[in-house]
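In listed order, ligands and their atoms are each counted from 1. Values in this document were obtained by computation on a predicted structure and should not be read as measured data.
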Amino acid sequence: MNSDRHVPNLLPKEMVAYLDRYIIGQTEAKKSVAIAIRNRYRRSRLPEDWQEEVAPSNIIMMGPTGVGKTEIVRRISKILGTPFVKVEATKFTEVGYVGRDVESMIRDLAEAAVRTVREQRFEEVKDQAQRLANDRLLDILVPKKTLRQRASDAGNPLELIFGGTADKDNPLLTDSVDEVNERNDKRTIFREKLKRMELEDEVVEIEVEEKPMTNDLMAQSGMDQVMDNMNDLMKKVMPDKKKKRRMTIAEARKILTEQEADKLLDDDAVAEEAIKLAENHGIVFIDELDKIANAQGGSGPDVSREGVQRDILPIVEGSVVKTKYGNLRTDHVLFIAAGAFHVAKPDDLIPELLGRFPVKVRLSSLSEEDFVQILTNTDYSLIDQYRKILATEDCEAEFTEDGIAELAHIAYLMNASEQDLGARRLVTVMEDMLTEALYQAGEEACTLQINQAYVRAHVAYAGEENDYSKYLI
Ligand SMILES: Nc1ncnc2c1ncn2[C@@H]1O[C@H](COP(=O)(O)OP(=O)(O)OP(=O)(O)O)[C@@H](O)[C@H]1O
């Protein structure tokens with residue numbers, strides 16, 4: 001099976017151009033990520049013995065919070081359809097974690113890959129599954145069973161009285177020709193109606209599987225591997241619990257389509273493809289790497305940080321991790337680590353680990369002009385999002401140039417005076433400014449002109465003249 005089947009081979013320049021649509025600036029980081037991803041593709045074209053030798057171009061991204069580190073990797077994974085997981089290195093220093101729990105990041109990667117492959121495969125069988133779902137709906141609406149079968153299903157005492165063989169000729173239990181024809185005609189009509197989606201709001205009763213409540217509770221306990229095994233075991237010994245539920249045909253079709261698609265998909269093939277996809281295209285993003293670096297060396301809590309680095313090391317170096325979908329080799333998984341690195345520096349990491357991250361790239365803090373660009377010049381920009389949200393309630397919001405500049409200005413000042421949230425600050429400022437508008441929208445149509453005066457009047461921070469002016473540059 002070819003795991004490259006669904007991963008487009010974009011050139012680094014194409015990847016950066018794509019990222020430019022969503023993320024302002026940070027060109028160096030975008031380039032490094034694009035090169036690392038392309039290098040894996042290049043590697044896959046080498047003879048096998050060479051493939052084994054070429055190590056991934058793992059990256060350390062250095063930069064303050066909210067400047068696009070995760071976003072770059074998340075966006076590129078999404079467009080390429082490559083499995084991606086994000087973990088915080090500090091998670092492994094928490095009480096209750098033991099060394100091998102770091103492997104959970106790889107098990108999560110396997111899960112992400114299975115989801116990706118399932119989604120792709122689902123698309124392939126969706127039409128067929130939908131047809132089968134419609135067949136099942138038809139059977140519910142106009143059962144094709146004969147009167148005799150239905151009587152038997154219901155445990156009709158007549159069955160017992162007449163005995164198995166005598167039934168065949170019993171006029172009481174055989175559908176007449178008219179009945180058969182009538183049922184067939186009805187089925188034809190309903191089949192067409194279902195196809196044309198004319199019955200979407202009708203209510204039917206279907207069987208659904210009850211989700212076992214084990215996973216979520218247990219996953220939080222940190223003992224992922226043990227719990228994974230327990231869950232699998234439970235699934236094997238406990239039969240699927242089914243429950244009848246009433247719902248609209250539209251909802252039922254969705255559930256039945258998923259059930260039918262599940263039957264059409266070969267779980268083993270999905271698992272095998274997912275493992276290959278994760279091994280060759282997976283990306284693990286390790287955030288807060290600086291927090292496990294030894295800034296001053298020494299003992300105390302630093303020992304546990306170094307311990308975590310040592311636990312992570314074999315995974316980044318390349319090892320085999322057991323997952324419930326099969327063994328996953330991490331040799332060519334791409335690891336991208338990130339952190340502010342204000343106090344600790346990458347050089348404070350143990351040399352073995354540092355050596356596995358040959359690419360280091362710094363992301364810059366965002367300027368006021370960057371904020372303006374983020375607000376206006378990105379796909380699905382914040383301004384467009386709020387405009388669209390308000391428009392659903394007949395509320396037209398127009399953002400003027402000076403209004404946008406003021407928003408960026410305030411966000412920038414707030415980052416300087418309070419905690420620096422990076423671009424995340426823009427969301428808090430927008431929410432703050434639009435609280436009233438969002439509260440009232442829907443009552444009556446409205447038009448908002450969001451200019452400088454509007455921003456100043458509606459953002460709490462702008463109103464505090466003293467504080468505000470203190471940061472004017
Ligand atoms: N340069 C940028 N251009 C556009 N949007 C950005 C930029 N930087 C950050 N954002 C937006 O800010 C949010 C947070 O960014 P991101 O998740 O990349 O932070 P980060 O740098 O990884 O920091 P952290 O390590 O704290 O998560 C995202 O929603 C992202 O869209």
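Every atom of ligand 1 with a heavy atom of Ala423 under 4.0 Å away is listed here by number and element: 6 (C), 8 (N), 9 (C), 10 (N), 11 (C), 12 (O). Taking a cut-off of under 4.0 Å to the non-hydrogen atoms of Ile23, the atoms of ligand 1 that pass are 1 (N), 2 (C), 3 (N), 4 (C). Residue-ligand proximity, Thr65 to ligand 1, at heavy-atom distances under 4.0 Å covers atoms 23 (O), 24 (P), 26 (O). Set against the non-hydrogen atoms of Asp287, the atoms of ligand 1 under 4.0 Å away are 24 (P), 25 (O), 27 (O).
Between Leu366 and ligand 1, a contact under 3.5 Å exists for no N or O pair. For Ile374, no nitrogen or oxygen atom sits less than 3.5 Å from a nitrogen or oxygen atom of ligand 1, counting backbone and side chain alike. Between Thr70 and ligand 1, at least one N/O pair is under 3.5 Å apart.
When side chains are defined from C-beta on, Tyr386 counts as touching Met430, because their heavy atoms get closer than 4.5 Å. Contact of the Leu354 side chain with the Ile60 side chain is registered, since non-hydrogen atoms from C-beta on lie closer than 4.5 Å. Looking only at side-chain heavy atoms (C-beta outward), Glu436 and Gln440 come within less than 4.5 Å of each other.
Heavy-atom proximity to atom 9 (C) of ligand 1, evaluated over Ala338, Ser364, Gly66, Gly339, is greatest for Gly66. Distances from atom 28 (C) of ligand 1 to the heavy atoms of Arg74, Glu71, Glu288, Arg424 show the closest one on Glu71.
Only the side chain of Lys86 comes within contact range of ligand 1, with a heavy atom under 4.0 Å; no backbone atom does.
Nearest to atom 8 (N) of ligand 1 among the protein's heavy atoms is Val67 C, 2.9 Å. Ranking protein heavy atoms by distance to atom 3 (N) of ligand 1, first place goes to Ile24 N, 2.8 Å.
Salt bridge Arg362/Glu28: absent, no basic N to carboxylate O contact under 4.0 Å. Checked for salt-bridge contact, Lys345 and Asp347 miss the test: no charged N lies under 4.0 Å from a carboxylate O.
For Lys31, the NZ atom is loosely surrounded, since the number of other residues' heavy atoms within 6.0 Å does not exceed 12. Counting heavy atoms of neighbouring residues, nucleotides and ligands inside a 6.0 Å radius, atom CG of Leu10 exceeds 12 of them.
A perpendicular orientation is assigned to the rings of Phe84 and Phe285, their planes being inclined by more than 60° (bins at 30° and 60°).
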